[in-house]
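One structure is given below, encoded as structure tokens.
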Number of protein chains: 2
Amino acid sequence: MLLSALKYSRQRESIKEFLANRYDHPTADMIYANMRALYPNISLGTVYRNLSLLVDMGEVLKLSVGDGPDRFDGNTDPHYHFICTECQNVLDLKMESIDHINVIAGQNFDGEIKGHMTYFYGVCGDCTKKS
Amino acid sequence: MLLSALKYSRQRESIKEFLANRYDHPTADMIYANMRALYPNISLGTVYRNLSLLVDMGEVLKLSVGDGPDRFDGNTDPHYHFICTECQNVLDLKMESIDHINVIAGQNFDGEIKGHMTYFYGVCGDCTKKS
DNA sequence: GTCCATGCAAATAATTTGCAACGCA
DNA sequence: TGCGTTGCAAATTATTTGCATGGAC
């Protein structure tokens with residue numbers, strides 16, 4: 001819901017930059033903790049408000065991975081995510097497109113399939129080695 | 001975590017039966033509202049506790065569809081779900097298996113892909129006709 | 001009688017929102 | 001100056017939990 005013009009905000013820029021340099025898909029709380037190093041008085045509300053704006057603008061992705069709080073991703077290139085069931089980490093997957101599943105899903109469906117959300121899960125490399 | 005033996009409970013049986021006959025993937029609140037017709041004093045806590053047990057036993061599926069509360073599905077046959085971005089309804093999809101995407105995802109991945117969670121989204125048949 | 005299940009209420013977790021002060025344009 | 005943004009706190013939403021009582025076995 002973008003009803004009015006956006007104004008520059010240091011906090012928003014910092015959150016965006018922070019996410020652009022992280023590949024571990026942090027939660028709002030983790031982002032908040034890191035932002036406090038830069039802005040000791042920043043509030044969680046500000047973090048949530050700006051994350052929400054950035055998601056609406058398409059500059060950040062919100063990952064709702066079932067249990068636990070939402071996570072945020074500064075990489076908006078289309079890609080998929082893997083959730084390790086041991087350590088709960090969320091990893092990026094380098095894989096070819098699977099957009100054809102939209103066609104498969106639409107074959108017996110009365111309506112329009114516009115996309116899909118897919119999360120892969122299993123045990124990550126690190127956890128496989130540990131066990 | 002099932003540490004102790006389960007005892008019969010009318011409430012749990014009713015919730016299970018209710019879900020077995022619904023195809024609209026109700027939320028805990030909706031289940032609660034319906035259960036109150038049968039058990040005027042049933043509490044939300046009881047609904048949540050029993051849903052959690054049923055999910056652990058594999059007799060009910062929990063659907064975490066991003067926004068909004070979790071939904072529950074009494075149909076445990078493997079199948080996929082579609083979320084209408086207009087009316088928010090969650091529909092079952094009759095489609096062939098797409099388990100091959102696990103193989104695709106695992107091709108450049110250092111770890112073990114055990115499965116995936118996929119939700120399709122778009123506009124359902126009813127909403128397409130309305131617009 | 002033992003121990004799980006229930007109802008009720010309070011607690012928790014994640015996120016959103018109201019409001020007065022602040023800061024970009 | 002005008003209106004978006006912030007910090008702070010309170011509110012909301014979804015879900016979980018503690019506890020005394022009730023019910024299954």
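Chain letters run A, B, ... following the sequence lines, proteins first, then strands; residues in each count from 1. Because only heavy atoms are used, hydrogens play no part in the values below, and waters and symmetry mates are left out as well, while side chains stay in.
Side chain of A:Asn50, nearest nucleotide from C:dG7, C:dT15, D:dT6: D:dT6.
Along DNA chain D, the nucleotide nearest to B:Tyr8 and the one nearest to B:Pro69 differ in position, and the one closer to the 5' end is contacted by B:Pro69. The residue among A:Ala28 and A:Lys7 whose nearest nucleotide of DNA chain C is located toward the 5' end is A:Ala28.
Put simply, CZ on B:Phe72 is 12 Å from P on D:dA14, counting in whole angstrom units. Rounded to an integer number of Å, the gap from A:Glu13 CD to D:dT6 P is 11 Å. Between the P atom of D:dT6 and the CG atom of A:Leu44 lies a distance of 13 Å, rounded to the nearest Å. Distance NZ (A:Lys16) to P (D:dT5): 14 Å, rounded to an integer number of Å.
Remark: B:Ser9 is not in phosphate contact with C:dC4, judged by side-chain N or O atoms under 4.0 Å from OP1 or OP2.
Here A:Arg12 lies in heavy-atom contact (under 4.0 Å) with sugar-phosphate atoms only. Across all strands, B:Asp29 comes closer than 4.0 Å to no nucleic acid atom at all (heavy-atom distances).
Between B:Lys62 and B:Asp56 there is no salt bridge, since no side-chain N of the basic residue sits under 4.0 Å from a carboxylate O of the acidic one.
Interface remark: the A:Arg49 side chain does form a donor-acceptor pair with the C:dG18 base, using a distance-only criterion of under 3.5 Å.
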